[in-house]
Amino acid sequence: AVGRNLVDIAGLGRRSPSTGAAMVVFLLSLVGVPPLAGFVGKLLLFGAAMDAGFAWLAVVGIVNAVLSLAVYLRVIVPMYQQANGAVVGRRSAVVVWRIALVLTVALGVMAEAVAGAL
């Protein structure tokens with residue numbers, strides 16, 4: 001909806017706050033921040049690695065997840081800097097990211113609730 005380069009997304013959070021906030025949620029889910037769906041996936045993955053006797057691999061994965069935050073911050077920071085122009089988005093793209101946002105948060109919260117009940 002906005003482009004493929006970091007220059008294209010500069011100011012996205014200021015021009016379109018809902019799109020910018022959704023993008024931040026998606027990127028934080030990729031990092032593995034609770035209560036988002038990415039956290040549940042990483043928790044299950046690292047738990048399975050530890051159960052299989054590969055604790056060192058889980059540690060490498062956790063360190064990699066923490067380092068990936070720096071990569072995603074390189075996308076988040078320009079989104080809230082000076083705007084370049086108007087966002088030209090298609091209605092279908094907006095519908096898709098709204099559905100994805102709801103699913104990302106809902107799956108993360110539901111999985112944590114189910115895991116807490118066990």
Side-chain angles (χ1 to χ4, degrees):
V2 295
R4 295 180 181 255
N5 301 323
L6 288 177
V7 175
D8 296 334
I9 65 166
L12 175 66
R14 292 176 185 258
R15 292 186 310 251
S16 178
S18 58
T19 304
M23 185 71 170
V24 170
V25 169
F26 297 145
L27 291 171
L28 291 178
S29 180
L30 288 173
V31 172
V33 175
L36 304 173
F39 171 75
V40 176
K42 288 187 183 213
L43 181 68
L44 293 173
L45 179 69
F46 297 148
M50 292 182 70
D51 289 344
F54 293 104
W56 65 271
L57 185 60
V59 170
V60 169
I62 291 168
V63 169
N64 189 32
V66 171
L67 292 176
S68 72
L69 181 60
V71 174
Y72 297 130
L73 283 175
R74 286 185 48 124
V75 176
I76 293 172
V77 170
M79 285 193 321
Y80 290 96
Q81 291 178 346
Q82 189 65 20
N84 285 340
V87 173
V88 179
R90 295 184 305 221
R91 178 141 176 87
S92 61
V94 172
V95 170
V96 168
W97 72 249
R98 285 184 180 168
I99 292 169
L101 178 64
V102 168
L103 288 174
T104 299
V105 175
L107 289 173
V109 170
M110 287 188 314
E112 286 188 18
V114 169
L118 298 178

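If you read the sequence from its start, that first residue is 1, and numbering goes on from there. Being a predicted model, the structure only gives us computed values, none of them experimental.
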Minimal non-hydrogen separation, [X] against [Y], with atom names:
{"X": "Ser18", "Y": "Trp97", "answer": "O-CH2, 3.5 Å"}
{"X": "Asp8", "Y": "Arg4", "answer": "OD2-N, 3.2 Å"}
{"X": "Thr19", "Y": "Ser16", "answer": "OG1-OG, 2.8 Å"}
{"X": "Val40", "Y": "Gly108", "answer": "CG2-O, 3.9 Å"}
{"X": "Ser68", "Y": "Ala65", "answer": "OG-O, 2.6 Å"}

Taking [Y] as the starting point, is it possible to reach [X] by hopping between hydrophobic residues whose side chains are less than 4.5 Å apart?
{"X": "Leu28", "Y": "Ile9", "value": "yes"}
{"X": "Leu101", "Y": "Val33", "value": "yes"}
{"X": "Val109", "Y": "Leu107", "value": "no"}
{"X": "Val77", "Y": "Val66", "value": "no"}
{"X": "Val96", "Y": "Phe26", "value": "no"}

side-chain contact (heavy atoms from CB on, under 4.5 Å) involving Phe46 - partner list, sequence neighbours excluded: Lys42, Ala58, Ile62
From [X] [atom1] over to [Y] [atom2], what is the distance, rounded to the nearest 0.5 angstrom?
{"X": "Leu30", "Y": "Phe39", "atom1": "CG", "atom2": "CZ", "result": "15.0 Å"}
{"X": "Leu44", "Y": "Asp51", "atom1": "CG", "atom2": "CG", "result": "10.5 Å"}
{"X": "Ile76", "Y": "Leu27", "atom1": "CD1", "atom2": "CG", "result": "5.0 Å"}
{"X": "Leu103", "Y": "Met110", "atom1": "CG", "atom2": "CE", "result": "8.0 Å"}

Heavy-atom donor-acceptor pair, Ser29 side chain to Val25 backbone, under 3.5 Å: no
Met23 vs Val75 side-chain heavy atoms within contact, under 4.5 Å: yes
